[in-house]
Amino acid sequence: MKIDPKKLIAAAAEARLGSVSPYSKFKVGAALLTKRGEVIGGANVESASYGLTCCAERIALFKALTDGRRDFVAVAVVARCDGGPMPCGACRQLLREYAGDAKVFIADSDDLKTIRKFTVKGLLPSAFVLVP
Ligand code: THU
């Protein structure tokens, strides 16, 4: 499976258009790539009860998982901030559990060509796992 970071970043930028963020106005898009080449996008959804807000990464992951997708090889995240948005701790935990072998691509929506590269494992070392 050839991974094209630019294509996955473009998919995350597209998914970002679906952001429902009336409170922060901070639009985030994420896209997951499976071993079979499927791409699943998601965007952040906010609540007036702020703590109920769900990040783009988790929306994309939950969509993918409940559609039966597995074997994630990469995830891309895009938002308008310098260097792009780093996934929060909660998303890192979920990604570690369900996309532990994935690469992570991050970009600023104003500069999709500059892609920072990480791995899910690298972003959450010594993670809590019940099933290693
Ligand atoms: N957010 C994400 O969707 N992903 C991140 O990696 C960081 C934060 C969202 C949550 C909230 O809707 C907004 O960004 C501001 O925190």
Side-chain angles (χ1 to χ4, degrees):
M1 164 84 244
K2 178 88 183 82
I3 301 175
D4 183 343
K6 278 192 204 119
K7 267 174 111 173
L8 201 60
I9 283 287
E14 173 78 24
R16 179 173 173 265
L17 302 176
S19 170
V20 183
S21 43
Y23 304 105
S24 73
K25 320 269 190 218
F26 188 68
K27 298 175 194 293
V28 187
L32 284 155
L33 176 68
T34 70
K35 194 168 76 180
R36 303 163 85 181
E38 299 143 330
V39 175
I40 305 96
N44 57 326
V45 177
E46 298 183 345
S47 166
S49 178
Y50 297 167
L52 301 182
T53 290
C54 194
C55 294
E57 296 92 319
R58 270 175 287 156
I59 297 271
L61 186 61
F62 294 160
K63 276 174 68 179
L65 289 172
T66 53
D67 265 357
R69 309 296 187 213
R70 296 292 186 274
D71 301 321
F72 304 105
V73 294
V75 55
V77 193
V78 168
R80 172 64 278 286
C81 60
D82 292 347
M86 293 304 296
C88 77
C91 290
R92 291 180 197 207
Q93 175 67 30
L94 265 296
L95 287 168
R96 173 66 182 78
E97 289 178 54
Y98 294 104
D101 295 323
K103 297 180 178 199
V104 181
F105 306 132
I106 306 285
D108 178 345
S109 56
D110 277 358
D111 179 15
L112 295 180
K113 284 186 193 140
T114 304
I115 300 172
R116 292 194 293 150
K117 300 184 173 80
F118 304 88
T119 61
V120 168
K121 282 207 175 95
L123 290 180
L124 192 64
S126 308
F128 173 71
V129 280
L130 284 179
V131 185

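In listed order, ligands and their atoms are each counted from 1. FYI, side chains are in, hydrogens and waters are out, and symmetry mates aren't considered; it's all heavy atoms of this structure.
Screening residues 114-126 for salt bridge (charged side-chain N to carboxylate O under 4.0 Å, His left out), with sequence neighbours left out, gives Asp101-Lys121. For the salt bridge (charged side-chain N to carboxylate O under 4.0 Å, His left out) condition, the pairs that include at least one residue of residues 77-90, sequence neighbours left out, are Arg80-Asp82, Arg80-Asp108, Arg80-Asp110.
Grouping Ile, Leu, Val, Met, Phe, Trp and Tyr residues whose side-chain heavy atoms lie under 4.5 Å apart, directly or via other members, places Val20 in a hydrophobic cluster with Val45, Ile59.
With contacts defined as side-chain heavy-atom distances shorter than 4.5 Å, the pair Ile106/Pro87 qualifies. Using a 4.5 Å heavy-atom threshold, the side chains of Phe26 and Cys81 count as touching.
Each of Ser24, Phe26, Val28, Asn44, Glu46, Thr53, Cys55, Ala56, Glu57, Met86, Pro87, Cys88 has a non-hydrogen atom positioned under 4.0 Å from some atom of ligand 1.
Heavy-atom contacts from other residues, nucleotides or ligands closer than 6.0 Å to OH of Tyr98 number 12 or fewer.
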